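Scope of the values below: all heavy atoms of this structure, side chains included, with no hydrogens, waters or symmetry mates. Note on naming: letters A, B, ... go to the chains in the order of the sequence lines (proteins, then strands), and numbering restarts at 1 for each one. Fair warning: this is a prediction, and the values are worked out from it, not measured in the lab.
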Amino acid sequence: DAMVIQNPRYQVTQFGKPVTLSCSQTLNHNVMYWYQQKSSQAPKLLFHYYDKDFNNEADTPDNFQSRRPNTSFCFLDIRSPGLGDAAMYLCATSEGFTAYEQYFGPGTRLTVT
Amino acid sequence: AQSVSQHNHHVILSEAASLELGCNYSYGGTVNLFWYVQYPGQHLQLLLKYFSGDPLVKGIKGFEAEFIKSKFSFNLRKPSVQWSDTAEYFCAVLANQAGTALIFGKGTTLSVSS
């Protein structure tokens, strides 16, 4: 009965080689989020979709992009990964913003070699 | 910018000890408050949440938290911890009029010895 699914759980990519992480949800939630969590740090929001409306956080690097082809799926594209992009990437969903909790997936751990 | 502070980076307790984890935030308006827990090898799970009403909220597994607006605090408590409570705990705040980003604290690692 997994609700927020992330694939793969572990991803290794080479410096500069584009990589895509995927997230799917069975909750039919309107909002999908992508967070970056580096070691011993708090999760940090990169961007979110409310339905098809995309919102990029002001300090999210241009290297990071996202796609949401339908309600269930959302992708994180890293165009040219650098060593500093190695992190855990968390996908989350919620019905709305205020007064709604977010449901998190297990994360994808990205290693950049 | 909004921020969330968790005062303890690593807490070590024996089973049956009482727990209190501190959380303070910096936003003067209406907030939604959350405590999430991450057990080893698992995903973030909601422990409890505060949106409005009674400032003392009860969550799963015997946890509770108290919202004290005047102190901008939302401390997590449990009267008697168990070995299975070993995990990382994150406080998070959604500032309702300041956008949609859930701001997390850096987390507190709780280690409970049996």
Side-chain angles (χ1 to χ4, degrees), chain A residues 1-10 21 23-27 29-51 53-60 87-109, chain B residues 1-10 21 23-27 29-53 57 59-60 65 67 74 87-109:
Chain A
D1 58 343
M3 296 183 290
V4 183
I5 303 157
Q6 290 189 244
N7 286 305
R9 295 290 307 275
Y10 301 90
L21 309 182
C23 176
S24 63
Q25 56 141 337
T26 59
L27 297 163
H29 282 169
N30 293 313
V31 192
M32 294 187 78
Y33 309 81
W34 281 104
Y35 290 84
Q36 180 192 63
Q37 185 180 19
K38 295 187 176 180
S39 182
S40 302
Q41 295 186 24
K44 181 180 177 301
L45 183 66
L46 294 172
F47 26 58
H48 74 265
Y49 274 93
Y50 187 102
D51 196 12
D53 294 331
F54 177 72
N55 186 291
N56 201 34
E57 291 300 300
D59 55 356
T60 298
M88 178 72 86
Y89 289 89
L90 303 172
C91 176
T93 74
S94 67
E95 289 186 63
F97 300 122
T98 302
Y100 292 102
E101 69 181 85
Q102 294 185 19
Y103 294 80
F104 285 83
T108 295
R109 182 166 296 283
Chain B
Q2 295 81 40
S3 65
V4 178
S5 298
Q6 291 185 238
H7 313 301
N8 312 100
H9 181 63
H10 193 180
L21 301 182
C23 173
N24 286 89
Y25 62 93
S26 63
Y27 181 70
T30 305
V31 291
N32 295 162
L33 300 163
F34 306 84
W35 275 98
Y36 282 87
V37 62
Q38 189 166 28
Y39 298 104
Q42 296 189 27
H43 60 279
L44 279 165
Q45 302 172 43
L46 184 70
L47 263 184
L48 45 77
K49 61 192 176 190
Y50 172 81
F51 295 155
S52 63
V57 292
I60 60 172
F67 170 49
F74 190 56
E88 187 148 20
Y89 293 81
F90 291 93
C91 180
V93 176
L94 179 65
N96 294 358
Q97 278 77 45
T100 56
L102 189 62
I103 308 299
F104 282 85
K106 290 189 174 182
T108 297
T109 302

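Of all heavy-atom pairs between B:Asn32 and A:Ala99, the closest is OD1-N, 2.6 Å. Closest heavy-atom contact between B:Ala101 and A:Glu57: CB-OE1, 3.9 Å. For B:Phe51 against A:Tyr100, the heavy-atom pair with the smallest separation is CZ-N, 3.6 Å. The minimum heavy-atom distance linking B:Gly105 with A:Ala42 is given by the pair O-CB, 2.9 Å.
Annotation: the span from B:Gln38 atom CD to A:Phe104 atom CZ amounts to 9.5 Å, rounded to 0.5 Å. Distance check, rounded to the nearest 0.5 Å: CD of A:Gln41 to CZ of B:Phe104 gives 14.0 Å.
For a residue to count as touching a neighbouring chain, one of its non-hydrogen atoms must lie under 4.5 Å from one of that chain's; by this rule A:Glu101 touches chain B with backbone and side chain alike. Only the side chain of B:Leu46 comes within less than 4.5 Å of a heavy atom in chain A; its backbone stays farther off. When heavy atoms are compared at a cutoff of 4.5 Å, B:Tyr36 approaches chain A solely by way of its side chain, counted from C-beta outward. Contact of A:Gln37 with chain B is made through the side chain alone, with heavy-atom distances under 4.5 Å. No part of A:Tyr50 comes within reach of chain B, as not one of its non-hydrogen atoms sits under 4.5 angstrom from that chain.
More than 12 heavy atoms of other residues, nucleotides or ligands lie within 6.0 Å of NE2 in B:His10, so this atom counts as buried by the packing criterion. At most 12 non-hydrogen atoms from other residues, nucleotides or ligands lie less than 6.0 angstrom from OH of A:Tyr103.
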side-chain contact (heavy atoms from CB on, under 4.5 Å) between A:Tyr33 and B:Leu102, worked out: CA-CA 10 Å; A:Tyr33 309 81; B:Leu102 189 62; over 6 Å; no
